[in-house]
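Numbering starts at 1 and runs along the sequence shown. Just so you know, ligand 1 is whichever comes first in the structure, and atom 1 is the first atom listed for that ligand.
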Amino acid sequence: MSAADPLRFVSSRGAAPPLALGAALRQGLASDGGLYVPERWPQLHAEDFAGGASLPEVGARLLEPFAAGDALAAALPEILREAFNFPAPRVELGAQGRLAVLELFHGPTAAFKDFGARFLAACFTRLRAPQEAPLTILVATSGDTGAAVAAAFHRRPGIEVVVLFPKGRVSPTQERQLTCWGENVRAFAVRGSFDECQRLVKEAFLDAELRAGRTFSSANSINLGRLLPQSVYYAATSLEIYGRYGAPASFIVPSGNLGNVLACLWARRVGLPIRRVILAHNANRAVPDYLASGTWQPRSSVATLASAMDVGNPSNMERLQALYPDLDALRAAVRAQTVSDEEIRERIRRGYAQYGQIWCPHTATAAEVYERLSPAERTSEHWVLVATAHPAKFPEIVAPLIGRVPEPPPSLARLFARPTHCREIAADLAALRAALEETG
Ligand SMILES: *Cc1c(COP(=O)(O)O)cnc(C)c1O
């Protein structure tokens with residue numbers, strides 16, 4: 001690859017023009033309704049990362065080939081320093097690094113989605129020309145995405161954020177984090193499921209009437225700019241384990257819309273030392289069932305304790321299938337398991353008793369899947385449980401199980417103190433159009 005040969009991103013449905021990184025970020029969803037994926041995979045080696053172990057340093061090296069030839073390329077190191085200004089510590093729970101928790105909840109809204117949202121906001125700020133019409137970021141959320149996106153874009157000039165969440169399907173604490181912003185951030189409570197919120201966003205993007213008056217972009221995990229930066233913490237963690245133990249890392253990833261686990265699989269594809277990847281799902285078991293049966297059957301989502309994973313029809317399935325078009329290859333590449341609410345509760349109780357760890361309901365699914373591994377599997381790998389959110393985001397669930405209220409980190413405590421605003425709408429495009437026309 002030469003500088004004259006930039007890497008472009010193609011639609012998972014193959015019928016949209018390929019775009020360079022910046023354009024693909026702005027476009028969000030490809031014009032054929034598909035999702036952007038890299039047209040080819042750069043190959044990197046652990047040695048390529050020598051001399052820089054921080055998240056921004058690893059990120060600059062990892063993402064450089066994806067930005068090659070694009071206007072964002074030169075700003076990438078600065079974007080990463082701005083976006084990744086909090087750590088992703090790996091906390092070891094087992095001897096010889098055989099079991100660790102990767103804490104992805106040290107950002108402003110205490111969930112892993114801060115990484116992608118902040119990266120995207122840093123990119124959008126640089127992509128937008130000062131005289132351009134305001135940009136509307138439309139985001140459907142099952143809980144944490146909306147909060148992370150709102151926090152990342154709050155008060156950014158020329159950018160408006162509209163958050164759609166399923167009314168009554170997010171925890172009271174999450175709802176507070178979605179509705180506490182104001183100014184350039186509006187929250188709509190949709191009378192429907194997360195899948196319906198997601199469908200509304202897709203419809204709005206393709207709706208000529210709405211597009212006529214404004215420039216839309218997405219900040220969902222369908223946006224490449226959310227997904228790509230998430231590869232950075234997998235890269236950094238696997239390099240750290242490789243450096244210390246001379247062995248690859250294996251990850252168990254709490255999964256819903258599959259954005260987080262795709263980032264892990266992309267990191268593995270470009271050559272990072274990652275071995276096994278297991279998807280931990282809640283009772284929304286479309287993916288585990290697909291791997292078992294070979295038939296893809298999207299469903300309506302069911303409500304569970306791990307509500308940010310309540311996705312019956314994950315849109316990133318298209319990216320997973322683009323990565324592994326062949327079912328046997330997919331089965332060799334990943335495993336997937338389903339975890340019930342009762343098992344989540346029990347795992348939170350035991351995690352506290354056994355390790356002194358307080359796990360959020362999402363993280364508990366990964367811990368449960370780990371406990372199901374055979375003793376031989378447990379000791380043959382360097383397992384990393386991906387902790388996707390801070391337990392203090394879910395006090396209603398966690399406190400009764402462990403007998404104490406998890407202490408919110410300071411950033412979360414500040415959010416909890418803000419006043420809230422929100423508007424309720426029906427789950428149809430006409431209602432969304434009407435609500436968008438209202439200002440403020
Ligand atoms: C969004 C989210 C998930 C699921 O991640 P996907 O990328 O949608 O698979 C898991 N846990 C938490 C806390 C989340 O916010």
Side-chain angles (χ1 to χ4, degrees), residues 35 101-117 139-151 163 165-166 169-171 173-175 177-178 194-195 197-198 218-231 233-234 251-266 277-282 284-288 301 304-320 334 336-339 344 348 358-369 385-394 397-398 406 412:
L35 278 61
V101 174
L102 177 61
E103 295 185 351
L104 299 180
F105 51 65
H106 294 280
T109 68
F112 80 87
K113 293 187 172 89
D114 284 323
F115 287 97
V139 56
T141 184
S142 53
D144 292 319
T145 292
V149 169
V163 175
F165 68 94
R169 304 271 195 108
V170 301
S171 79
T173 311
Q174 282 176 318
E175 178 158 341
Q177 293 164 62
L178 294 172
F194 168 67
D195 292 310
C197 295
Q198 192 154 259
S218 85
N220 276 106
S221 59
I222 57 176
N223 193 306
L224 188 64
R226 283 269 315 281
L227 209 153
L228 260 187
Q230 292 172 174
S231 300
Y233 45 74
Y234 289 108
F251 291 95
I252 307 179
V253 187
S255 294
N257 211 24
L258 309 179
N260 201 5
V261 78
L262 250 304
C264 182
L265 297 172
W266 284 10
V277 178
I278 308 185
L279 291 70
H281 287 267
N282 59 23
N284 291 278
R285 47 185 300 159
V287 177
S301 55
T304 76
L305 292 175
S307 58
M309 293 156 52
D310 290 350
V311 185
N313 184 11
S315 38
N316 277 305
M317 193 64 199
E318 289 195 35
R319 285 193 170 116
L320 190 60
V334 299
Q337 301 226 352
T338 175
V339 176
I344 288 173
I348 292 173
I358 307 181
W359 285 325
C360 88
H362 311 84
T363 305
T365 65
E368 170 65 19
V369 166
L385 311 181
V386 177
T388 50
H390 194 286
K393 296 189 86 163
F394 310 92
I397 297 166
V398 173
L412 212 50

Ligand 1 atoms in contact with S255 (distance to a heavy atom under 4.0 Å): 9 (O)
Any N or O of N257 closer than 3.5 Å to N or O of ligand 1: yes
Step-by-step side chain to side chain contact (heavy atoms under 4.5 Å, CB included) determination, T304 to M309: CA-CA 8 Å; T304 76; M309 293 156 52; 5.8 Å; no
Heavy-atom proximity to atom 4 (C) of ligand 1, best of G146, A387, G256: G256
F105 near ligand 1 by a heavy-atom separation under 4.0 Å: no
Exam field: side chain N223 to backbone G225, donor-acceptor pair closer than 3.5 Å: yes
Taking every non-hydrogen atom, the tightest pair across C264 and V277: SG-CG2, 3.8 Å
Within-cut-off N or O pair, N260 and ligand 1, under 3.5 Å: yes
Steps toward side chain to side chain contact (heavy atoms under 4.5 Å, CB included) verdict (Y234, N260): CA-CA 10 Å; Y234 289 108; N260 201 5; 2.9 Å; yes
Step-by-step side chain to side chain contact (heavy atoms under 4.5 Å, CB included) determination, T145 to R226: CA-CA 10 Å; T145 292; R226 283 269 315 281; 3.3 Å; yes
Atoms of ligand 1, numbered as shown, that sit under 4.0 Å from any heavy atom of G259: 6 (P), 7 (O), 9 (O)
Contact check: A389 vs ligand 1, nitrogen or oxygen atoms, below 3.5 angstrom: no
Over all atoms of both residues, closest heavy-atom pair of F394 and H362: CZ-CE1, 3.2 Å
Atom 11 (N) of ligand 1 - nearest protein heavy atom and its distance: T388 OG1, 2.8 Å
Worked verdict on L258 versus L279 for side chain to side chain contact (heavy atoms under 4.5 Å, CB included): CA-CA 9 Å; L258 309 179; L279 291 70; 3.7 Å; yes
For atom 10 (C) of ligand 1, the protein heavy atom that lies nearest, with its residue and separation: M309 CG, 3.5 Å
Which segment of L258 sits under 4.0 Å of ligand 1 when only heavy atoms are counted: backbone
N or O contact, C360 vs ligand 1, cut-off under 3.5 Å: no
Heavy atom of the protein closest to atom 5 (O) of ligand 1 (residue, atom name, distance): F112 CZ, 3.5 Å
Residue that, paired with V369, satisfies side-chain contact (heavy atoms from CB on, under 4.5 Å) out of L385, V339, V253, T338: V339
Test item: side-chain donor near acceptor, Q198 and N313, under 3.5 Å: no
Distance from atom 1 (C) of ligand 1 to nearest protein heavy atom, with residue and atom: K113 NZ, 1.3 Å
